[in-house]
Chemist: 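Dropping the structure in here first, questions after.
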Amino acid sequence: MSLLLFAVMTAADPAAAKPAYEDNALSRQGSERTYGVRWRPAARIELDGRADEADWGQAVVERGFTFPWKQASAPATEFRALCTEEFLYFTFRVHDEDIVVLDRLRDEEDAVFEDRVEMYFSRDERMQDYYCLEVDSRGRAFDYRGRFYRQLDPRWNWPGLETKASPLERGYVVEGRIPQAGFPALGFPALRPGVKIRCGLYRAEFSHDRSGRPVEQRDSIHNRGRRLDGPPPIQEWMAWIDPRTEEPDFHVPSSLGWLEITP
């Protein structure tokens, strides 16, 4: 995408106005926190949304998801990833007592109204070129490209991305894979042992508004000016790394850590 088109998209979207902290040095510092993606060329994983193959037992389990903008215990979230010669596999296991999901999506961007898990991959420290995927509890993906700050292109799709999901008694599992060939094509190094790339791991933790109050629709950086017929969900935001922003926002460099391919 050209920088001119990015600029036009941003100007047309008032919700993408720059925040006060955009030029704050703190917001541009990524964390050194690292998730180790095990290199397992022999792994045999069937992408079905259950993530119950024995090979998943070799993955590091990341459980450190919190509410950065809320003083409360966060519901359990687990992330795992494995790397083979062909794919980067990932899975989230989510505890959720009140799953918000739409039966029908007008387009994939309607995911902004749903519970979902999210991953961002940045080619650089300042998020001048980054790539996002968000997956709901039914395995439907909303993928897009971005440039700091929040210059987003929802028309972009990650080549070869596949995602599935399955229900739990109280929650859901998301499973996906990204072709290895796609990373060098986007300017990342080939994923091999010893390679590190900037990545963010997140969760949108929504719940239904059953208060009976009159419906009040508001534009925000999160809904990008979109509307639902009924009341919008109550929104909370979880992250693997505290972005250290005043308001909930994942689209800042301080939300990123590292994915490192390990033996």
Side-chain angles (χ1 to χ4, degrees), residues 33 35-38 45-82 88-103 105 108-121 132-144 158 161-178 199-210 222-223 232-243 248-251 255-257 259:
R33 188 169 179 177
Y35 175 85
V37 181
R38 295 272 170 78
I45 295 175
E46 179 183 354
L47 195 71
D48 55 13
R50 293 194 292 269
D52 56 2
E53 292 83 3
D55 283 325
W56 277 120
Q58 302 180 59
V60 176
V61 183
E62 176 58 62
R63 298 186 177 93
F65 291 82
T66 65
F67 284 127
W69 301 279
K70 178 181 178 181
Q71 294 297 318
S73 297
T77 308
E78 297 181 353
F79 171 80
R80 294 174 174 83
L82 291 171
L88 172 65
Y89 287 91
F90 62 89
T91 182
F92 290 81
R93 187 178 183 90
V94 173
H95 180 87
D96 195 332
E97 300 278 355
D98 182 14
I99 299 174
V100 176
V101 62
L102 302 179
D103 287 331
L105 303 180
E108 66 179 29
E109 200 169 350
D110 264 353
V112 300
F113 298 114
E114 297 186 301
D115 276 297
R116 60 195 185 276
V117 294
E118 309 182 16
M119 298 179 71
Y120 300 173
F121 299 85
C132 309
L133 58 94
E134 308 185 6
V135 188
D136 71 6
S137 62
R138 295 186 180 176
R140 298 175 295 195
F142 171 34
D143 47 349
Y144 54 95
W158 198 307
L161 170 67
E162 298 177 75
T163 54
K164 301 284 186 180
S166 64
L168 298 172
E169 184 177 354
R170 291 183 175 85
Y172 58 95
V173 175
V174 163
E175 187 179 37
R177 67 184 184 187
I178 304 171
C199 180
L201 306 173
Y202 319 98
R203 174 180 166 185
E205 165 49 22
F206 290 3
S207 56
H208 292 91
D209 184 351
R210 298 185 174 92
H222 305 297
N223 64 29
I234 299 169
Q235 301 178 354
E236 303 290 352
W237 306 95
M238 297 171 56
W240 169 49
I241 291 167
D242 184 349
D249 200 346
F250 298 153
H251 293 261
S255 77
L256 300 176
L259 289 190

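Fair warning: this is a prediction, and the values are worked out from it, not measured in the lab.
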Chemist: Exactly one of M119, E78, E62, E118 should register a side chain to side chain contact (heavy atoms under 4.5 Å, CB included) with F92. Which one does?
Modeler: M119
Chemist: Who passes ring-ring contact (aromatic ring centres under 6.0 Å, His included) against Y89, sequence neighbours left out?
Modeler: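 Partners of Y89 by the ring-ring contact (aromatic ring centres under 6.0 Å, His included) criterion, ordered by chain and then number, come out as F87.
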Chemist: Between F90 and F79 (judged by ring centroids, cut-off 6.0 Å), do the two rings come close enough to count as a pair?
Modeler: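 No; F79 has its ring centre 6.0 Å or more from that of F90.
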Chemist: Measuring only between side-chain heavy atoms, which start at C-beta, is D96 closer than 4.5 Å to R170?
Modeler: no
Chemist: Who passes ring-ring contact (aromatic ring centres under 6.0 Å, His included) against W56, sequence neighbours left out?
Modeler: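 Listed in chain order: nothing, the list is empty.
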Chemist: Would you say the rings of Y120 and Y202 are close, in the sense that their centroids are separated by under 6.0 Å?
Modeler: yes
Chemist: F206 and side chain to side chain contact (heavy atoms under 4.5 Å, CB included): which partner among V112, I99, D115?
Modeler: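 Exactly one pass, corresponding to D115.
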Chemist: Strictly below 4.0 Å, N to O, side chains only: are K164 and E162 in salt-bridge contact?
Modeler: no
Chemist: Do you see a donor-acceptor pair shorter than 3.5 Å between the side chains of E134 and Y144?
Modeler: yes
Chemist: For the residue pair R177 and L161, establish whether any side-chain heavy-atom pair is separated by less than 4.5 Å.
Modeler: no
Chemist: So do L168 and R93 actually touch side chain to side chain, heavy atoms under 4.5 Å?
Modeler: yes
Chemist: Taking the side chain as every heavy atom from C-beta outward, state whether L133 and I178 have any atom pair closer than 4.5 Å.
Modeler: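 Yes, close enough: below the 4.5 Å cut-off.
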Chemist: Donor-acceptor pairs under 3.5 Å, side chain of residues 65-75 to any protein atom, not counting sequence neighbours: which ones?
Modeler:
residue, atom, partner, partner atom, Å
W69, NE1, T245, O, 2.8
W69, NE1, T245, OG1, 3.3
W69, NE1, E247, O, 3.3

Chemist: With respect to V173, which candidate in S137, S166, P167 satisfies the side chain to side chain contact (heavy atoms under 4.5 Å, CB included) definition?
Modeler: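 The passing option is S166.
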Chemist: Can a salt bridge be assigned to the pair R80 and D55 using a cut-off of 4.0 Å between side-chain N and carboxylate O?
Modeler: no
Chemist: Is a salt bridge present between D98 and R210, judged by a nitrogen-to-oxygen distance below 4.0 Å?
Modeler: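 Salt bridge present between D98 and R210.
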Chemist: I want to check something: taking the side chain as every heavy atom from C-beta on, are E175 and D48 in contact at a cut-off of under 4.5 Å?
Modeler: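 Yes; the side chains approach each other to less than 4.5 Å.
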Chemist: Is it the case that the side chains of R203 and T77 hold a donor-acceptor pair, with the cut-off being a distance below 3.5 Å and no angle test?
Modeler: yes
Chemist: Can you find a pair of side-chain heavy atoms, one from L82 and one from I45, that are under 4.5 Å apart?
Modeler: yes
Chemist: Got a salt bridge between R50 and D52, using NZ or NE/NH1/NH2 to carboxylate O under 4.0 Å?
Modeler: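 Looking at D52 together with R50, the answer is yes, because their closest N to O distance falls below 4.0 Å.
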Chemist: Could R140 and E114 be called an ion pair, given the rule that one side-chain N must be under 4.0 Å from one carboxylate O?
Modeler: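 Salt bridge present between R140 and E114.
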Chemist: Quick one, W237 and H222 - any side-chain contact, counting heavy atoms below 4.5 Å?
Modeler: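 In short, these two side chains touch, coming nearer than 4.5 Å.
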Chemist: Taking the ring of F121 and the ring of W158, is the distance between their centroids below 6.0 Å?
Modeler: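 W158 vs F121: aromatic centres under 6.0 Å.
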